[in-house]
Number of protein chains: 2
Amino acid sequence: MDYACLMAVDPEHVLRAAAALLTRKSTATMDEVAKAAGISRATLHRHFAGRDALVRALESLGIAECEAALDAARLDEGTASEAVRRLVAAIEPAAGLLAFLYSENQLFEGEELNAGWTLIDDRISALFRRGQLGGEFRIDLTPAWLTEALYGLLASGAWMVHSGKGAPKDFQHMIVELLLGGALRREES
Amino acid sequence: MDYACLMAVDPEHVLRAAAALLTRKSTATMDEVAKAAGISRATLHRHFAGRDALVRALESLGIAECEAALDAARLDEGTASEAVRRLVAAIEPAAGLLAFLYSENQLFEGEELNAGWTLIDDRISALFRRGQLGGEFRIDLTPAWLTEALYGLLASGAWMVHSGKGAPKDFQHMIVELLLGGALRREES
DNA sequence: TCCATATGAGACACTAATGTCTCATCAGGG
DNA sequence: CCCTGATGAGACATTAGTGTCTCATATGGA
């Protein structure tokens, strides 16, 4: 699948490079994105009509990765806690991109929000609701809030790792343990 | 010190208006900020040399509000949990501004970071460390991560309220309960 | 070999935002 | 009453980023 020797640019590769760059510097220009992808600005423009289109494509990529992670995590199997652990582990590689899109989405204010996010929200909310109905999770925190909190913790974790204040290997543990167990010490398991 | 009746514009009031606007729309132009503050762009420019200076001033404001909240929360008194509750309650009014500055800081990448943030980080970290040493908080989550997680949850909470997906009255409860107790249901208090 | 095609480089116009300037106005103090 | 000083309005140049265009080049297939 790797046509490295072809002249044709791989849009997928361009998107990955753009995601990696914009994750670090959310205000990067088209010029910088093109350089990061190893192509010229003209070619970048041929594949993505403009910055807007690029962000939309990244949004689609992020949604696709989220859905893939949701699928891979098999949210319906085992306890809800285990499912949350699998989900965080599966979504970790996309956390940086998610954080970028998360902040970018706040700019879409009035504009139409990609329906894909709603589906993802719903799937994650359903997981938390399943945990509540099964008596596993507390019921005074709404599934919507738990979902939003997960996003926030993912962003914080990604930032922590990116800024070097935390080790990548701790990413999953930090997030899952805080989200599920909280900061308070438990008397027993 | 208060020349309210003078023609002179109150820089404090301008900053508040700018904070309120940029909290909602982080890409607002100088023109929009001026309108929001009820002054002309020229006057805005007379008080703040440029957008950069304005953001710096907002940063100082945010730091000041954080420190005021830290003081008001009396982090050294009572249990660490109680102190965290007071802190979240005290910092709530500034959460929006904090979220804005938080995202803005990521753009300062290489540039010098205002030392004020480090002091604030240290004071909050010290609170979590106190909780750990007192056997109140678990020790497998570092104070630095708990601090970062608090920031993330504050941002998520502010976003939740701002987007209308959550009620302002739940702000404190949502954040504190998740941060301290986590999502898992407890067998007893 | 020759051709179709995609790319890279760069020029160009357009836009939005910024920063600076001037000038008229208006309030308050002397 | 007049003068000082701050403001509002708006013109203006500058900059950065974008989007579009042309042309030369190089690759891979027919």
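Each chain gets a letter, A, B and so on, in the order its sequence line appears, and its residues count up from 1.
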Q. Does a side-chain N-to-carboxylate-O contact under 4.0 Å join B:R123 and B:E67?
A. no
Q: Supply the atom-to-atom distance A:L178 CG to B:L178 CG, rounded to the nearest 0.5 angstrom.
A: 6.5 Å
(Q) Between B:E177 and B:R85, does any side-chain N to carboxylate O distance fall below 4.0 Å? (A) yes
Pull out every protein N or O sitting under 3.5 Å from an N or O of nucleotides 8-10 of chain D, one pair per line with the distance.
from, atom 1, to, atom 2, distance (Å)
D:dG8, OP2, B:S40, N, 3.2
D:dG8, OP2, B:S40, OG, 3.2
D:dG8, OP2, B:T43, OG1, 2.5
D:dG8, O6, B:R46, NH2, 3.1

Q) If you take all heavy atoms of B:W117 and B:C66, which pair is closest and at what distance? A) CZ3-SG, 4.4 Å
**Q.** For atom CG of A:D52 and atom P of C:dA16, their distance in whole Å
**A.** 14 Å
Q | Donor-acceptor side-chain pairing of B:S103 and A:S103 below 3.5 angstrom | A | no
Q. Rounded to whole angstrom units, what separation is found between the NZ atom of B:K35 and the P atom of C:dA17?
A. 12 Å
Q. Among side-chain atoms of A:E104 and A:S26, is any donor-acceptor pair under 3.5 angstrom?
A. no
Q) Given atom NE2 of A:H45 and atom C1' of C:dA6, what is their separation to the nearest angstrom? A) 17 Å
(Q) In this structure, how many angstroms lie between the P atom of C:dA17 and the CZ atom of B:F48, rounded? (A) 21 Å
(Q) From CE of B:M30 over to P of D:dT14, roughly how many Å is that when rounded to an integer? (A) 20 Å
(Q) Without decimals, in angstroms, what is the distance between B:L54 CG and C:dT18 C1'? (A) 13 Å
(Q) Under 4.0 Å from OP1 or OP2 of C:dA6: is there any side-chain N or O of A:H47 that close? (A) no
